[in-house]
Peer 1: 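Structure provided below as structure tokens; questions to follow.
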Amino acid sequence: MNDCLFCKIIERKLPSKIVFEDDKLVAFEDVNPQAPVHILLVPRRHIESVNGVEETDRELMGHLFWISRKLAQERGVAASGYRLVVNSGASAGQSVFHIHVHLVGGRAFGWPPG
């Protein structure tokens with residue numbers, strides 16, 4: 001996707017503070033953090049939203065959660081608690097149409113959200 005913000009970050013065409021990467025995903029700090037820890041985990045392969053996830057993506061989706069857990073431990077929020085957020089569609093708050101997981105922690109969160 002030529003105009004996708006996250007694809008440009010993955011391709012290093014836009015600067016970002018990358019905190020983890022492997023052959024499946026890139027994780028970087030959110031430029032507008034909503035908590036002391038706010039990391040975005042983005043698959044390298046462009047998938048527009050949860051609605052675009054295929055059966056063949058099951059391993060990739062599990063990997064996103066596994067690395068989220070690892071980063072929560074590294075950032076010191078695993079024991080106190082953290083939130084993983086995936087927005088799917090504009091009405092849910094998705095503003096970049098490349099599937100991603102928000103890892104947020106380091107403060108108390110209310111329920112229900114937004």
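None of the values given here were measured: they were computed from a predicted structure.
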Peer 1: Assigning hydrophobic clusters by single linkage (Ile, Leu, Val, Met, Phe, Trp, Tyr; side-chain heavy-atom cutoff under 4.5 Å), is V31 placed with F6?
Peer 2: no
Peer 1: Please tabulate, for the side chains in residues 69-77, all donor-acceptor contacts under 3.5 angstrom to protein atoms that are two or more places apart in sequence or on a different chain.
Peer 2:
from	atom 1	to	atom 2	distance (Å)
R75	NH1	E29	OE2	3.2
R75	NH2	E29	OE2	3.3

Peer 1: Any chance you could measure S16, atom OG, to L40, atom CG, to the nearest 0.5 Å?
Peer 2: 8.0 Å
Peer 1: Closest heavy-atom contact between G105 and A35?
Peer 2: O-CB, 3.4 Å
Peer 1: Can you find a pair of side-chain heavy atoms, one from H98 and one from P43, that are under 4.5 Å apart?
Peer 2: yes
Peer 1: What's the spacing between I39 CD1 and S68 OG if we round to 0.5 Å?
Peer 2: 8.5 Å
Peer 1: Taking I18 as the starting point, is it possible to reach V42 by hopping between hydrophobic residues whose side chains are less than 4.5 Å apart?
Peer 2: yes
Peer 1: For G106 versus P36, what's the shortest heavy-atom pair and its separation?
Peer 2: O-CG, 3.4 Å
Peer 1: Are L84 and L64 linked, directly or through other ILVMFWY residues, by side chains that come within less than 4.5 angstrom of each other?
Peer 2: yes
Peer 1: Can you confirm whether more than 12 heavy atoms, excluding those of F65, are under 6.0 Å from its CZ atom?
Peer 2: no
Peer 1: Rounded to the nearest 0.5 Å, how far apart are CZ of R44 and CG of L25?
Peer 2: 7.5 Å
Peer 1: Yes or no on side-chain contact (heavy atoms from CB on, under 4.5 Å) for V37 and R107, after CA distance, side-chain angles and deciding distance?
Peer 2: CA-CA 9 Å; V37 173; R107 69 170 176 85; over 6 Å; no
Peer 1: Taking the side chain from Q94 and the backbone from G89, do they hold a donor-acceptor pair closer than 3.5 Å?
Peer 2: yes
Peer 1: Could you tell me if the side chain of V50 sits less than 4.5 Å from the side chain of I99, heavy atoms only?
Peer 2: yes
Peer 1: Is the closest side-chain heavy-atom distance between L41 and F28 below 4.5 Å?
Peer 2: no
Peer 1: Can you measure from SG (C4) to NZ (K13) and round to the nearest 0.5 angstrom?
Peer 2: 11.0 Å
Peer 1: According to a hydrophobic-cluster definition based on side-chain heavy atoms being under 4.5 Å apart (Ile, Leu, Val, Met, Phe, Trp, Tyr only), do V85 and V19 belong together?
Peer 2: no
Peer 1: Does a side-chain heavy-atom distance below 4.5 Å link I67 with K24?
Peer 2: no
Peer 1: Are any of the side-chain heavy atoms of Y82 and L103 separated by less than 4.5 Å?
Peer 2: yes
Peer 1: Return the set of residues passing side chain to side chain contact (heavy atoms under 4.5 Å, CB included) with W111 (not counting sequence neighbours), or none when no residue passes.
Peer 2: R83, P113
Peer 1: Relative to the ring of H38, is the ring of H102 parallel (under 30°), tilted (30 to 60°) or perpendicular (over 60°)?
Peer 2: tilted
Peer 1: Using the rule that Ile, Leu, Val, Met, Phe, Trp and Tyr join whenever any side-chain heavy atoms are under 4.5 Å apart, tell me whether F20 and I10 fall into a single cluster.
Peer 2: no
Peer 1: What's the spacing between I47 CD1 and M61 CE if we round to 0.5 Å?
Peer 2: 4.5 Å
Peer 1: Could you tell me the separation between the CG atom of D3 and the CZ atom of F97, rounded to the nearest 0.5 Å?
Peer 2: 12.0 Å
